Structures are given as C-alpha cells and as structure tokens.
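These notes concern the structure reproduced below.
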Amino acid sequence: MIDVEKLVEKVEVLKDVVNLKPTVWINPNKKCDKEAWKDISLSEEDIYEAEERLRRFAPLLIRYFEDSRKTNGIIESPLRKIQSMETSIREISDFQGELFLKMDSHLAVAGSIKARGGIYEVLYHAEKLALENNLITLDDDYSELANEKNREFFSKHTIQVGSTGNLGLSIGITSATLGFNVVVHMSSDAQEWKKDLLRSKGATVIEYDGDFTAAVEEGRKKSAEDPMSYFIDDENSITLFMGYAVAALRIRKQMEELNIKVDENHPAFFYIPCGVGGSPGGVSFGLKKLFGDNAHIFFVEPTHSPSMLIGMATGLHEKVSVKDFGIDGKTKADGLAVGTPSRFVGTVMDTLLSGIFTIEDKKLFDYMRALDKSEGIRIEPSACSTFEGPIKLFQYDDTRKYLEENNLIDKLTNISHITWATGGNLVPDEIMESYLRTYL
Ligand SMILES: *Cc1c(COP(=O)(O)O)cnc(C)c1O
C-alpha cells in the first residue's frame with residue numbers, strides 16, 4: 001500500500017498536488033556535467049543512428065505522404081519566434097527573455113509530436129522485417145517497399161499500440177499506409193474523431209472503459225498472443241524514445257538559423273507537455289545531450305493528472321498512480337490524461353530534468369485563445385499547457401530559487417524560452433472552434 005500521508009510529509013510539493021493547486025516541482029536530483037550522465041547508458045550515437053534510419057526512409061515517405069514532399073521526406077516542424085504572444089504574456093507576468101514556439105502541432109502525417117517516435121518505430125520495425133527477409137538492402141531506394149509484393153508481405157504482419165489518441169493516430173496511419181495490419185487500443189479519454197479517422201485509414205480500433213494504462217496493458221497482452229504481431233510500447237520502448245530524440249538534432253540547426261545562441265551566458269529553457277513521458281523524455285534526452293547544462297527542461301502536466309511529477313518526486317515511478325493520491329485523472333488535455341508514468345523515462349530524466357509545472361484545465365483554453373488571437377496559430381488543449389512554463393517561471397518562489405541557484409539572475413534577458421506545441425493540426429475545424437469557445 002502507498003502511504004500517501006507519509007509521502008506528502010516528506011515531499012512538500014505533494015501538498016499542492018493533492019489539493020489540485022497549480023504548482024511547480026523542482027527536481028532535487030538534477031546533476032550537472034558528467035555527473036548527470038553517470039547512470040544513463042543511452043548514447044548520442046543512438047540518436048544519430050535514428051536520424052540515419054529516417055533519412056533512408058525519406059524516399060518512401062515522399063511516395064506515400066504528400067505533406068512530407070516539401071521537406072523531401074524529412075518530417076520536421078518549424079521553430080518560430082512568437083513576438084505577439086510574448087507581448088501578451090508580458091502583460092500578465094514578469095516574463096523576461098525571448099519566446100519561441102516549436103510547432104510539432106504541425107508535423108506532417110500525424111499533426112503531433114507523435115509523428116516523431118510513432119512513425120520512427122513503425123519504420124524501424126518495417127526495416128528490420130524487410131532486411132531479415134531480403135526485401136531490400138541498406139543501400140537500396142526504400143521506395144521499393146511500396147511495391148505490391150512488399151506491401152503484401154507487410155500485410156501478414158500486425159502492429160499494435162495502446163494510446164490516448166495521438167500515438168494511435170501516428171502509428172495507425174503510418175502502419176496502415178505501409179500495408180501492415182494495425183490494431184489501436186484506445187482509452188476512454190480518446191476523442192471520437194481520432195477513432196473515426198483511424199478506422200477510415202483501415203486500422204482496427206478497440207476501445208476500453210478504463211484509462212490509458214489499461215489500454216496499454218490489454219494491447220500488450222493481445223499482441224503477445226500473436227507471433228506475427230509487434231507491440232509498440234509507449235511505456236518502455238527505447239526505439240520510440242530515440243525517434244523523439246532526433247528532434248534535438250533538428251532544432252539545434254533551426255536555432256542556429258534563427259541566431260539563437262546557447263551557451264553559459266545564453267541559457268535555453270524548454271517547456272514540454274507530459275503524459276506518460278515518452279515524447280517529452282526522448283526530446284529532452286536529445287536536448288540535454290546536445291546542449292548540456294545550458295538547456296533547462298521543464299515538463300508540464302494537468303493538475304488532475306500529474307503522474308510524472310508524483311512518480312519522479314516519490315521515486316516510485318510506475319508503482320504509483322494519481323488515483324493513489326485521490327486525484328481523478330480527468331482532464332481536457334486528453335493527450336496528458338495518464339495516471340501512471342513510465343519508469344524508464346522517469347529514471348532517465350532523474351538527473352536531467354529541471355522540474356515539472358502543473359496547470360489547471362481552464363488555463364489551457366485561455367492560452368489557446370491568446371495564441372490564436374496573437375499569432376493566428378491553433379494548437380490543441382494538451383499542447384497549450386506549455387505556456388504555463390514561461391509565465392510561472394517568473395512567479396513561483398521555487399523557480400526564483402532555481403534561477404538563483406543556477407546563477408541565472410543576471411542573465412534573465414538572455415534566456416530563449418522554447419515552448420513545445422505538441423499537437424493540433426489534425427483536429428477538425430469545428431472541434432477547434434468549440435475549444436476556442438470553451439470557458440471553464
Ligand atoms: C502524447 C502527447 C503529449 C505527451 O506525450 P507523452 O509521450 O504521453 O508524455 C503531449 N501533448 C500531446 C498533444 C500529445 O499527443
């Protein structure tokens with residue numbers, strides 16, 4: 001049994017968490033320089049390998065996905081300075097520095113950050129099968145995989161995944177397009193339109209009454225019963241993680257193009273919405289590998305679903321659920337509605353992560369309207385949580401202390417704040433309109 005009272009006594013921030021009060025947890029285990037990497041076996045090489053694999057698949061992606069053509073089959077999103085949003089944020093906070101938006105909301109194929117890890121792992125699996133069965137060699141033009149004979153080969157194989165929605169979309173669309181059989185196990189929080197879209201692409205969608213954790217568990221079990229089936233495991237997959245990590249190589253280049261300096265005097269702060277942890281974890285791993293101590297990374301979670309915060313702050317990871325703390329897990333940020341975090345991600349992030357903010361649902365819609373009004377950019381509710389970071393960084397005592405302890409007080413105006421828009425492009429217009437009219 002989890003002794004919540006004792007945990008709350010030990011970790012002060014959990015008092016706010018239990019009371020559903022928006023807060024910030026500063027990670028006391030964060031380490032600097034080499035110390036940070038002592039217990040992490042994943043390497044920078046792994047990221048380059050993933051990047052190479054994506055390059056090999058570019059010709060195939062061009063063939064299948066029209067929206068990947070203008071970037072030559074490399075699926076990447078813009079990084080944009082959002083000056084008008086910055087101005088509106090300055091009106092409600094003591095914000096200092098410059099504000100940017102990483103628009104994974106507009107990634108090709110899946111319209112969310114899941115286009116990184118999800119597509120990557122499907123391609124990884126397809127390549128493995130294709131090489132083992134001599135359909136291609138590493139040097140071939142991979143667009144050959146779209147030939148009828150090769151598609152028929154893939155159709156004998158099944159890919160399964162558990163999802164709150166966007167990962168299912170990413171893996172479902174990619175798998176079905178390559179010719180695989182695909183089964184997506186969806187939690188009850190998943191949006192109807194996401195299920196409909198998947199079915200229209202030929203995926204089988206199975207719905208569960210329970211939450212995300214239950215859907216993953218069922219999917220894992222069903223897949224294990226079928227020797228021709230491969231399960232993409234959002235909680236444990238290193239492959240998925242590395243697909244996300246490639247984002248760091250890409251954004252480093254984009255930051256150079258925008259003259260965003262990152263060094264000791266020019267820190268970069270990243271704010272990434274977090275559910276089970278896979279996508280923000282993978283991206284952060286890459287960012288910390290490339291930028292080291294000059295990258296400061298914060299996750300953001302809903303007050304009603306702060307699973308990574310609870311998992312990391314108690315060190316109990318997947319052994320603890322928000323339900324143990326009497327928290328219902330119900331949030332309009334459907335992509336973040338996860339009750340139990342990934343141990344794998346929580347463990348890797350233990351010495352890397354700066355902290356985690358929690359945000360109330362009503363703020364999601366306020367930020368959504370602010371971004372729409374100031375920049376004309378629409379992103380989904382889960383993604384809007386990112387703005388809590390740069391606003392609250394300048395408001396909480398604990399973040400103030402973080403800035404002091406990291407010797408950043410005299411560098412505040414030099415900070416580049418990068419908010420990570422994790423999804424939105426596939427949201428149907430009328431649903432986006434209804435979000436913009438939502439006041440909680
Ligand atoms: C999945 C998702 C996240 C969080 O990713 P996890 O890998 O579950 O932590 C954030 N925002 C959106 C829009 C998502 O779809």
Side-chain angles (χ1 to χ4, degrees), residues 77 102-107 109-121 161-172 184 186-187 189-191 194 211-213 215-216 232-245 247 270-285 297-302 305-309 311-312 317-318 329 331-346 348-349 353 356-357 359 364 367-368 378-389 419-427 431-432 435:
S77 73
K102 179 57 178 159
M103 295 175 65
D104 278 6
S105 46
H106 292 68
L107 277 173
V109 181
S112 80
I113 192 169
K114 305 300 193 313
R116 300 185 180 281
I119 293 174
Y120 175 69
E121 186 155 357
V161 65
S163 172
T164 59
N166 283 343
L167 186 65
L169 278 185
S170 161
I171 286 170
V184 181
M186 289 277 213
S187 57
D189 317 290
Q191 304 263 323
K194 292 185 182 175
D211 68 358
F212 168 79
T213 312
V216 171
I232 296 186
D233 193 332
D234 202 8
E235 292 173 338
N236 300 301
S237 170
I238 293 175
T239 308
L240 202 58
F241 193 81
M242 284 305 158
Y244 289 121
F270 297 87
Y271 310 93
I272 319 181
C274 178
V276 74
S279 21
V283 169
S284 306
F285 165 77
I297 301 179
F298 289 86
F299 289 172
V300 190
E301 294 187 297
S305 196
S307 52
M308 188 58 77
L309 193 167
M312 287 185 74
H317 303 294
E318 92 292 2
T331 168
K332 299 284 181 200
D334 54 329
L336 315 182
V338 175
T340 318
S342 155
R343 166 174 295 267
F344 160 56
V345 173
V348 174
M349 292 313 294
L353 190 68
I356 302 179
F357 291 93
I359 176 175
L364 302 172
Y367 296 155
M368 180 184 287
R378 295 181 172 188
I379 62 177
E380 65 185 89
S382 299
C384 295
S385 63
T386 184
F387 296 113
E388 187 79 348
T419 51
W420 212 283
T422 44
N425 204 29
L426 291 190
V427 177
I431 293 182
M432 200 54 107
Y435 288 150

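Both ligands and their constituent atoms are indexed starting at 1 by order of listing. What's counted below: heavy atoms across the whole structure, side chains too, no hydrogens, waters or symmetry copies. Numbering of residues begins at 1 and proceeds along the displayed sequence. Every value quoted in this text rests on a predicted model; they were computed, and no experiment measured them.
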Nearest non-hydrogen partners of Leu167 and Gly162, listed with the distance: CD2-O, 4.1 Å

Collect the protein residues that have a non-hydrogen atom under 4.0 Å from ligand 1 and hand them over in chain and number order. Lys114, Asn166, Pro273, Cys274, Gly275, Val276, Gly277, Gly278, Ser279, Pro280, Gly335, Leu336, Glu380, Ser382, Thr422, Gly423

Closest non-hydrogen atom pair, Gly168 against Val184: CA-CG1, 3.7 Å

Under 4.0 Å between a side-chain nitrogen and a carboxylate oxygen: does that hold for Lys194 and Glu380? yes

Any donor-acceptor N or O pair under 3.5 Å, side chains Lys102, Thr419: no

Assert yes or no for the condition that the ring centre distance of Tyr244 to Tyr120 is strictly below 6.0 Å. no

For Phe357 and Phe299, I'd like to know if the aromatic rings sit close, meaning centre-to-centre distance below 6.0 Å. no

